Amino acid sequence: MKPFEYARAASPAEAVRGFAPGTMYLGGGTNLVDLMKLGVAEPERLLDVSRLPLDAIEQQPGDRVRVGATVRNTDLAAHPVIRSRYPMLARAVLAGASGQVRNVATVGGNLLQRTRCTYFQDVSRPCNKRRPGSGCPAIEGDHAGLAVLGASDACVATHPSDMAVALAALGAEVHVTGPGGDRIIPMPGLHRLPGDEPERDTVLEPGDLITAVELPPPPPGASLYRKVRERSSFAFALVSVAAVLDVRDGAVAGCRIALGGVAHVPWRAERAEQALIGGPATGEAFLQATEAELEQAGPLPRNAYKVPLARNLIVATLEELAP
Ligand SMILES: Cc1cc2nc3c(=O)[nH]c(=O)nc-3n(C[C@H](O)[C@H](O)[C@H](O)COP(=O)(O)OP(=O)(O)OC[C@H]3O[C@@H](n4cnc5c(N)ncnc54)[C@H](O)[C@@H]3O)c2cc1C
Ligand code: SF4
């Protein structure tokens with residue numbers, strides 16, 4: 001591993017002031033340190049933000065909840081307010097990684113973890129995300145776990161966070177402070193599609209620090225997070241779905257669907273949502289809406305299985321949520 005300096009910030013403002021080219025913020029380190037060991041990330045300086053006083057989960061006016069960026073994944077999933085009012089979020093967090101990793105991983109770091117594309121993690125191979133312009137071997141090679149929606153000729157990577165999928169369905173807001181000041185980024189919206197700049201995972205600028213995630217009041221209806229993976233724990237999603245369904249008098253009054261494991265972003269299934277609102281809450285309607293969404297899919301030969309997998313998962317989840 002390349003030698004690096006280590007410093008600890010005492011406040012968000014000190015962290016932003018202390019940020020310079022070659023610096024990377026350090027959360028729990030469960031992704032960044034792995035990437036440093038692999039030579040994928042080579043910061044000259046780590047600025048530890050994991051002990052900033054941003055570790056509270058607090059009720060806010062307007063029935064909102066603010067989750068600090070350094071809250072550990074375990075504490076988020078175990079918090080009584082999250083468990084009782086946002087069970088889909090608790091379930092998504094618990095579906096990720098392992099107990100040991102979740103004890104250390106932070107909310108901010110979870111949102112900014114990098115893709116698990118095998119070529120991205122192998123510095124002996126080209127990769128447009130790691131080395132822009134070097135090519136994307138995944139397109140002709142191993143793309144079985146990669147994107148079927150919103151991919152580009154430059155990159156077909158997927159975003160790996162389960163938490164981000166639930167936050168996208170809930171319409172959470174990400175609070176950021178940085179050299180350009182403070183701003184609030186609605187989810188989905190933090191992450192970006194690869195286009196011809198796959199090296200940029202998010203809309204954040206250098207030095208931007210995530211300080212919190214704010215949850216709006218829980219949407220009416222029942223909610224669920226379901227994840228399909230190759231083994232029952234310690235595995236990233238092949239496809240996951242975070243769904244909220246509000247049915248009144250047999251008709252869909254509200255619906256939110258976000259997908260994980262299928263795109264470079266947590267994918268909000270807006271076409272399916274629009275197709276469902278106002279219509280009957282039946283299996284046939286769920287199937288038609290899902291197919292309208294997945295018409296946009298552009299799978300590669302070895303990940304085409306994700307399209308029927310996503311369709312079946314969405315339909316089964318909505319059927320489970322329907323009264
Ligand atoms: C074996 C294994 C299996 C896993 N399985 C899953 C899974 O199934 N689902 C899932 O969702 N996750 C999974 N994870 C990922 C795990 O959840 C992430 O590693 C973790 O959430 C990252 O959090 P961290 O605080 O350790 O981030 P770090 O590794 O410290 O940082 C990650 C990135 O975020 C940046 N950063 C950190 N905090 C901030 C901040 N406040 N503001 C701005 N930038 C910041 C860092 O600079 C870095 O670029 C797995 C991890 C491992 C090791
Ligand atoms: S899919 Fe993206 S991350 Fe993977 S090799 Fe291609 S450019 Fe790199």
Side-chain angles (χ1 to χ4, degrees), residues 9 11-13 15-16 19 23-28 31-32 47 49-50 52 54-58 60-71 73 76 82 86 88-89 92-93 96 105-115 129 147 149-150 155 157-195 197-219 242 244 256-260 262-270 273:
S11 68
V16 172
F19 191 92
T23 301
M24 288 187 81
Y25 294 134
L26 178 69
N31 183 219
L32 178 54
L47 189 47
V49 296
S50 69
L52 291 177
L54 301 171
D55 58 351
I57 297 177
E58 298 164 310
Q60 300 288 299
D63 202 21
R64 300 169 73 84
V65 174
R66 184 182 171 98
V67 180
T70 64
V71 170
N73 289 191
L76 177 63
I82 304 300
Y86 303 93
M88 177 176 71
L89 175 59
V93 173
T106 62
V107 166
N110 184 295
L111 291 176
L112 299 183
Q113 61 175 295
R114 310 291 315 266
T115 183
K129 184 179 280 298
L149 285 160
C155 180
T158 47
H159 178 69
S161 164
D162 289 292
M163 180 194 301
V165 180
L167 294 179
L170 290 169
E173 292 175 341
V174 180
H175 290 235
V176 173
T177 186
D182 297 346
R183 62 197 168 114
I184 296 174
I185 303 169
M187 290 280 289
L190 174 66
H191 303 92
R192 57 183 293 287
L193 291 175
E197 281 185 298
E199 67 277 16
R200 292 185 58 215
D201 290 354
T202 69
V203 299
L204 296 183
E205 299 293 339
D208 276 346
L209 177 77
I210 296 179
T211 53
V213 169
E214 195 164 307
L215 305 174
V244 184
R256 293 159 181 231
I257 303 168
L259 302 174
V262 294
H264 201 254
V265 299
W267 184 272
R268 188 79 183 253
E270 287 174 1
E273 292 175 5

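Keep in mind the model is a prediction, meaning the values are calculated, not measured. The analysis underlying the following values was restricted to heavy atoms, covering all of them including side chains, and did not include hydrogens, waters or symmetry mates.
In this structure, the side chain to side chain contact (heavy atoms under 4.5 Å, CB included) partners of A13, at least two apart in sequence or on a different chain, are S11, R17. For R114, the salt bridge (Lys or Arg N to Asp or Glu O under 4.0 Å) partners are D201, not counting sequence neighbours. With sequence neighbours excluded, no residue forms a salt bridge (Lys or Arg N to Asp or Glu O under 4.0 Å) with E270. Applying the ring-ring contact (aromatic ring centres under 6.0 Å, His included) rule to H264 yields no partners; only residues at least two apart in sequence or on another chain are considered. By the side chain to side chain contact (heavy atoms under 4.5 Å, CB included) test, P179 pairs with V16, D208, sequence neighbours left out.
With a 4.5 Å cut-off on side-chain heavy atoms, L54 and T106 do not count as touching. In this structure the side chain of I257 never reaches within 4.5 angstrom of the side chain of R268, judged on heavy atoms. A 4.5 Å side-chain heavy-atom check between L26 and L47 finds every atom pair outside the cut-off. Contact check for L32 versus M24: side-chain heavy atoms found under the 4.5 Å cut-off. The shortest distance between side-chain heavy atoms of P188 and V265 does not fall below 4.5 Å. The closest side-chain heavy-atom distance from Y86 to L76 is not below 4.5 Å. At least one side-chain heavy atom of L111 sits under 4.5 Å from a side-chain heavy atom of V213. Taking the side chain as every heavy atom from C-beta outward, L204 and I210 approach each other to under 4.5 Å.
Under a 3.5 Å cut-off, the side chain of K129 and the backbone N or O of P198 do form a donor-acceptor pair. Judged purely by atom type and a 3.5 angstrom limit, T158 has no side-chain atom pairing as donor or acceptor with the backbone of P160. Proximity of a side-chain donor or acceptor of R192 to a complementary backbone N or O of R200 within less than 3.5 Å is detected. Listed for the T211 side chain is a donor-acceptor partner under 3.5 Å among the backbone atoms of H175. Between the H191 side chain and the V203 main chain, no donor and acceptor come within less than 3.5 Å of each other. A distance-only check finds no donor-acceptor pair linking the side chain of T177 to the backbone of L209 [under 3.5 Å].
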Legend entry - I57/V65 under side-chain contact (heavy atoms from CB on, under 4.5 Å): CA gap, chis, key distance, verdict: CA-CA 7 Å; I57 297 177; V65 174; 3.8 Å; yes
Inset, instruction - Any chance you could lay out the side-chain contact (heavy atoms from CB on, under 4.5 Å) test for M88 and R256, step after step, and finish with the verdict? - result: CA-CA 12 Å; M88 177 176 71; R256 293 159 181 231; over 6 Å; no
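Between the side chains of D55 and T70, no donor-acceptor pair is found at a separation under 3.5 Å.
Between M187 and P266, the closest heavy-atom pair is CE-CG, 4.3 Å. Taking all atoms of both residues into account, the shortest heavy-atom contact from P217 to G62 is CG-O, 3.5 Å. Taking both residues in full, the closest heavy atoms of A147 and A263 are given as CB-CA, 3.8 Å, listed atom of the first, atom of the second, then distance.
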Please table the atom pairs, donor to acceptor, closer than 3.5 Å between any side-chain atom in residues 162-174 and protein atoms at least two apart or in another chain.
from : atom 1 : to   : atom 2 : distance (Å)
D162 : OD1    : Y225 : OH     : 2.4
D162 : OD2    : K227 : NZ     : 2.8
E173 : OE1    : R64  : NH2    : 3.0

